[in-house]
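Following: one structure in structure tokens, then a few remarks.
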Amino acid sequence: MSNTIQRVRDPVHGLIKFESDADLVAWNLLETLEFQRLRRIRQLGFSEFTFPSATHTRFAHSVGVYHNARKLMQVVEKVEGKNFDKDRAEEILFAALLHDVGHGPFSHAFEVARERIAASKGIDRIEKHEKYSAKIIRNPNGSIFPILERKRVGLAERIAAVIEADDPTDIYHAVISSSFDADRLDYLVRDRLMTGTGAGSIDTDWLVDNLTEKFVNTAQDDDPEPQGVQTFVFKFKGRQAAEDFLLARYRLYTEVYLHKTTRGFEALLSRLLQIVGDTSLPLDTLNLLTENALVAFLRGTETVEVYLELDDFVIWNVISSLAKCQHEEACKLSKRLLIRDHLHVLDLFSKCGNDDLALANAVRDIENFAGSELGVSIFKDAPEINLYSEQSGEAKKLHKVVRVQDGSGQPREITEFAETIISASLKKKRRMIRYYFLTMEKRDEAKKAIWG
Amino acid sequence: MMVMESRLIQEVFKASNGRIVGRIRLQKIFYLLEQLGLNSGLRFSYHHYGPYSEELAHKLFIAEILDKVIAENEEVSNAGATYSIFNLKIEPNDPLEQVGAIPFKKALSAITAMKEPTSVVIELAATIHWLKHKEVYEDWKAELKIRKPTKATDNNIDLATKLLGDIELN
């Protein structure tokens, strides 16, 4: 347990110092077994197959989020003045550090596979990574819980509740849950740097310096009564930097996170994980052992203890074993991952653009063509995207809207300014529908089935 | 288990008197109907506004764009929010005795009740059902207050549990 000042060098934030009382608690959290696991989970999973330097970890990201949360909390302290609640601020800082502690390896592919395995077994739902973060924090037998409880009794529960909340409750909470929060302010800058993409630009210092808080009234669907949300808004001088930030975020989603090649490898891994989780397949045909944590977890032992054994190394170890197994499909797919042999994509998003009728027709034709092969040897990927980069759900999250003060100080959505360069049409969700095929020939047959 | 197609969407809309207001309400109506025995085959998972089905969103897209049985229009509420209104354009061409596997009268009565409260209340009702029956929380109220700290007021919880009682899902 460390009580001395600690320092971390970081390519995004420079020197990050841990020196206050809260920082030293954070450092102790960072040294736990649970948190160290994040060193073995890459932030962007298969993105390194498309952007070779994108090998940074959730560990580095989480430290960056903590650093950003401290900066944003200074904004809160400034606007709250003598009402600033130091205990509440600490809760949020620790929640910022721990927000990803429950992330699984290859997050998207892993959760897609688990959903499909659960569906095949008639199980209604899976527990997602946010739930595992909360469970790990609440675990009285773990290393994180006692550190937090020593700091303040009940602190672990309060932090877990912050992570589980769907909506932020106050301006402190907005530090980690708003349109401009500590999480996205780290991952966008870090991912942009590590992938080497030049998409957009993010002027962090100027953006933070132009933040203030406002109580914003907003309603969901046709509800007559608005709900109040205390959140960050940009001052007028920050408007153009906020536009750049939004555009950078949008570009990163379309060009990096949802890159067609990366998503194809995720589809491939997801299929492999479903095979591993298929209890009708004897493990010896898969060249795997019962004791393997991934095998145990996917075949039903969904405990926190087993979950904490999962990391990228465990996944790659299983892939190596599968590449030498008797199960023909698992063997072939694993080898493809090992030599980066990508699937063949039919990208309806680029082919049909915003023509919804052409898109819907193509979807129906492909799915008729695929029949029972869909999900087995033909894989569908259909993430949704809009200006605020939400990938799923029925409506925009009210606290995620970017607002800027106008000349009179009133907060307005960034798209409402007459001189904005951001098109309001980007608020509409678009479906990036793609189908992946094992061979180019099969992909071309599908093309013929749609377009002749 | 039947395959969810535009026909079932038509049936649900027919029992909604041809109109459902709001994406949140639409998703929660389908979720709660599924619990009443709709037998759509839809899979729901927990999202920001409670149980949500990607598959349903996709089927609606097909029903609207390709089969043209549903039309979606956007309006702005008095509170300033943009929201969607879904209208049935083509009715099923035979009289309905069932909505999916639910007797028509029962579906009509349940949907009528689900169209009454605010979208926040129906979101809470679906989430309460999810927490009690899918995540199996004994103290679902405590968990609801953690997940939805600003929405789960005592009054809203009362309204949501009353709605579940009214549609016989308590």
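A quick note: this is a predicted structure, and the numbers were derived from the prediction, not measured. Chain identifiers are assigned alphabetically (A, B, ...) following the order of the sequence lines, protein sequences preceding nucleic acid strands; residue numbering begins at 1 within each chain.
For the side-chain contact (heavy atoms from CB on, under 4.5 Å) test, residues two or more places apart in sequence or in another chain that qualify with A/D170 are A/R88, A/Y172, A/H173, A/Q230. Residues forming a side-chain contact (heavy atoms from CB on, under 4.5 Å) with B/I65 (at least two apart in sequence, or on another chain): A/D356, A/L357, A/A360, B/F61. For A/F349, the ring-ring contact (aromatic ring centres under 6.0 Å, His included) criterion is met by no residue, not counting sequence neighbours.
For the atom pair CD of B/E75 and CG of A/D222, the computed distance is 9.5 Å after rounding to the nearest 0.5 Å. Note that CG of A/D223 is 12.0 Å distant from CG of B/N78, once rounded to the nearest 0.5 Å.
For the options B/I85, B/I146, B/L66, heavy-atom pairs under 4.5 Å to chain A are most numerous at B/L66.
If you measure heavy-atom distances from A/A118 to chain B, the contacts under 4.5 Å come from both the backbone and the side chain. Only the backbone of B/F44 comes within contact range of chain A, with at least one heavy atom under 4.5 Å from a heavy atom of that chain. Only the side chain of A/V363 comes within contact range of chain B, judged by heavy atoms closer than 4.5 Å. With a 4.5 Å cut-off on non-hydrogen atoms, B/R43 touches chain A through its side chain but not through its backbone. Interface residue A/E115: backbone and side-chain heavy atoms are both found under 4.5 Å from chain B. Only the side chain of B/K151 comes within less than 4.5 Å of a heavy atom of chain A; its backbone N, CA, C and O stay farther away.
Salt bridge annotation for B/E143-A/K131: present, with a cationic side-chain nitrogen under 4.0 angstrom from a carboxylate oxygen.
Residues of residues 117-127 of chain B lying under 4.5 angstrom from chain A, judged on non-hydrogen atoms, are B/T118, B/S119, B/V120, B/E123 in numerical order.
Using a 3.5 Å distance cut-off with no hydrogens or angles, the side chains of A/D166 and B/H47 do not pair a donor with an acceptor.
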